[in-house]
Amino acid sequence: MIFLRRQEEIEKIRESGRIVAGALDLAEEAVRPGITTDTLDAMIEEYILSEGGVPSFKGYHGYPASSCLSINDVVVHGIPDKGRELKSGDIIGVDIGCYKNGYHGDAAKTFAVGEVEDRVILQMQVTREALYEGIQQARIGNKLGDISAAIQNRVEMHSFSIVRDLVGHGVGEKLHEDPQVPNYGRPGTGPSLKAGMVLALEPMVNAGSFAVETLKDGWTVVTKDGGLSTHFEHTITITETGPEVLTLSSKFGSFTEEVEKARAEARTRIG
């Protein structure tokens, strides 16, 4: 069942999304060579609790931490570890959920640790652009497949691959709700998009093959070929006037500003 949220419900999701965005900003400032992933996770948990929220992931189907911290070839669900220090040249996907006032918010970003190669910066930016193009398709009158196709097209245009086995989702009173939002598909297919839908769009992009596998811990999803994987996610809602991002960082005055600054940063780093 796909829920159409009332405005008061959306405002509660926005509050959880605000906390998620703040936790991601905190993580971005903290990511550096030498920091361990369990230290990063503890900082994220402390921040969420200080804002009156609860980490959505901790205990979810038995997940043991407050965030998913996925390094290099880990696609998603990387478990924080006190023995794992970040080093220059790594990338880390930080995925955070927050539950407050009965509703969840969910978002993710991938960060470079120290200096990384231009090709890696490009992969990160393509993933982020794919998310942005998916968001632009989240409009009344479109179909869910329009979001999926926009994400897939942007990724494959640059010869990266989009993960098939993992998808975006609805979000609200539960962390994962209908509909599933694949990151690949055909335009004009799937459910019609309506005002009040709240969706977590989250392209996961591999440098090589899209094939993935889950490690024996039952959580950690890695690329089968060992190539790098990148992940960006926003929780959005569909309104009468277009998509609205509910996990926007307070660093940005608008979604448009986030897009422009991300593009400028990528141009600067790639040269």
Side-chain angles (χ1 to χ4, degrees), residues 2-29 40-41 43-61 63 65-70 76-77 93-111 127-128 131-132 134-135 138 147 166-181 183 193 195-204 231-239 242-255 257-259 262:
I2 301 174
F3 294 99
L4 301 181
R5 299 294 179 185
R6 303 184 306 275
Q7 190 59 39
E8 55 265 35
E9 293 179 289
I10 290 171
E11 292 308 318
K12 290 178 180 177
I13 298 171
R14 190 194 309 278
E15 170 63 6
S16 293
R18 179 191 68 78
I19 297 170
V20 169
L24 282 169
D25 288 343
L26 181 73
E28 182 173 17
E29 292 177 6
L40 198 54
D41 184 66
M43 293 172 62
I44 290 167
E45 178 175 310
E46 182 179 358
Y47 177 82
I48 292 173
L49 295 174
S50 74
E51 292 289 329
V54 175
S56 298
F57 301 166
K58 195 166 189 176
Y60 185 74
H61 295 302
Y63 186 73
S66 294
S67 58
C68 296
L69 303 178
S70 303
V76 288
H77 306 162
V94 180
D95 192 355
I96 299 172
C98 173
Y99 181 77
K100 184 177 179 181
N101 298 325
Y103 292 84
H104 295 272
D106 189 7
K109 291 183 177 180
T110 298
F111 304 115
T127 311
R128 184 180 282 181
L131 170 61
Y132 295 158
I135 291 172
I147 295 175
L166 301 157
V167 298
H169 52 89
V171 59
E173 291 164 286
K174 295 181 179 178
L175 181 59
H176 295 111
E177 298 183 348
D178 291 334
Q180 291 193 342
V181 186
N183 294 304
L193 301 181
M197 283 184 175
V198 178
L199 306 171
L201 309 186
E202 50 176 327
M204 289 151 270
H231 179 206
F232 283 85
E233 177 181 18
H234 265 314
T235 295
I236 63 119
T237 187
I238 298 171
T239 76
E244 184 178 355
V245 175
L246 301 178
T247 45
L248 186 70
S249 167
S250 62
K251 296 188 299 184
F252 307 118
S254 66
F255 175 56
E257 184 179 340
E258 177 187 325
V259 173

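Along the sequence shown, residues are numbered consecutively beginning with 1. Given the structure is predicted, the values throughout are model-derived calculations rather than measurements.
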Residue pairs involving residues 47-57 (criterion salt bridge (charged side-chain N to carboxylate O under 4.0 Å, His left out); sequence neighbours excluded) | Arg18-Glu51

Interatomic spacing from CD1 in Ile19 to CD1 in Ile44 - rounded to 0.5 Å | 14.0 Å

For Tyr63, ring-ring contact (aromatic ring centres under 6.0 Å, His included) partners two or more places apart | Trp219

By ring-ring contact (aromatic ring centres under 6.0 Å, His included), Tyr60 pairs with (sequence neighbours left out) His176

Between CD1 on residue Ile238 and CD1 on residue Ile236, distance to nearest 0.5 Å | 5.0 Å

Would a 4.5 Å heavy-atom cut-off, applied to side chains only, mark Thr237 and Met197 as touching?
-> no

Does a side chain donor of either His104 or Glu177 reach within less than 3.5 Å of an acceptor in the other side chain?
-> no

Using the test side chain to side chain contact (heavy atoms under 4.5 Å, CB included), find all partners of Thr110 that sit at least two apart in sequence or belong to another chain.
-> Ile91, Met124, Thr230, His231, Phe232

If we only count heavy atoms from C-beta on, is the Thr235 to Leu246 side-chain gap below 4.5 Å?
-> yes

Side-chain touch Ser16/Tyr99, heavy atoms, less than 4.5 angstrom | no

Does Ile96 reach the side chain of Pro55, with side-chain heavy atoms less than 4.5 Å apart?
-> no

Taken in chain and number order and not counting sequence neighbours, the residues that satisfy salt bridge (charged side-chain N to carboxylate O under 4.0 Å, His left out) with Lys100 are Glu15

Non-neighbouring partners of Phe111 that pass ring-ring contact (aromatic ring centres under 6.0 Å, His included), sequence neighbours left out | none

Heavy-atom pair of closest approach, residues Thr247 and Gly17 = CG2-CA, 3.6 Å

For the atom pair CG (Leu193) and CG (Leu199), what is the distance rounded to the nearest 0.5 Å?
-> 7.0 Å

Side chain to side chain donor-acceptor pair (under 3.5 Å) against Glu173, all qualifying residues, sequence neighbours excluded = Arg5

Could you tell me the separation between the CG atom of Leu49 and the NZ atom of Lys58, rounded to the nearest 0.5 Å?
-> 8.0 Å

Any side-chain heavy atom of Phe57 within less than 4.5 Å of one from Leu175?
-> yes

Which atom of Leu248 lies closest to which atom of Gly253, heavy atoms considered | CD2-C, 4.4 Å

Within the side chain of Asn183, is there an N or O that forms a donor-acceptor pair under 3.5 Å with the backbone of Glu202?
-> yes

Residue pair Asp106 / His169, side-chain donor-acceptor N/O under 3.5 Å = yes

List the atom of His234, the atom of Ala107, and the distance in Å for their closest heavy-atom pair.
-> CA-CB, 4.4 Å

Under the side chain to side chain donor-acceptor pair (under 3.5 Å) rule, collect the residues that match up with Glu244, sequence neighbours excluded.
-> Arg14

For Glu8, check side chain to side chain donor-acceptor pair (under 3.5 Å) against everything at least two apart and list the hits.
-> Arg6

Close side-chain approach of Val94 and Lys109, heavy atoms under 4.5 Å = no

Nearest heavy-atom contact between Cys98 and Ile48 is SG-CG2, 3.9 Å

Only counting residues at least two apart or in another chain, list the ones meeting side chain to side chain donor-acceptor pair (under 3.5 Å) with Ser66.
-> Glu45

Within the side chain of Asp41, is there an N or O that forms a donor-acceptor pair under 3.5 Å with the backbone of Ser67?
-> yes

In residues 21-28, what donor-acceptor pairs under 3.5 Å come from side-chain atoms, sequence neighbours left out?
unit_1: Asp25; atom_1: OD1; unit_2: Ser249; atom_2: OG; d: 3.2
unit_1: Asp25; atom_1: OD2; unit_2: Ser249; atom_2: OG; d: 2.7
unit_1: Glu28; atom_1: OE1; unit_2: Lys251; atom_2: NZ; d: 2.9

How far apart are the closest heavy atoms of Gly105 and Val20, and which atoms are they?
-> O-CG2, 3.5 Å

Any residue meeting ring-ring contact (aromatic ring centres under 6.0 Å, His included) with Tyr132, in chain and number order, not counting sequence neighbours | Phe255

From Phe252 atom CZ to Glu257 atom CD, the distance as rounded to the nearest 0.5 Å = 7.0 Å

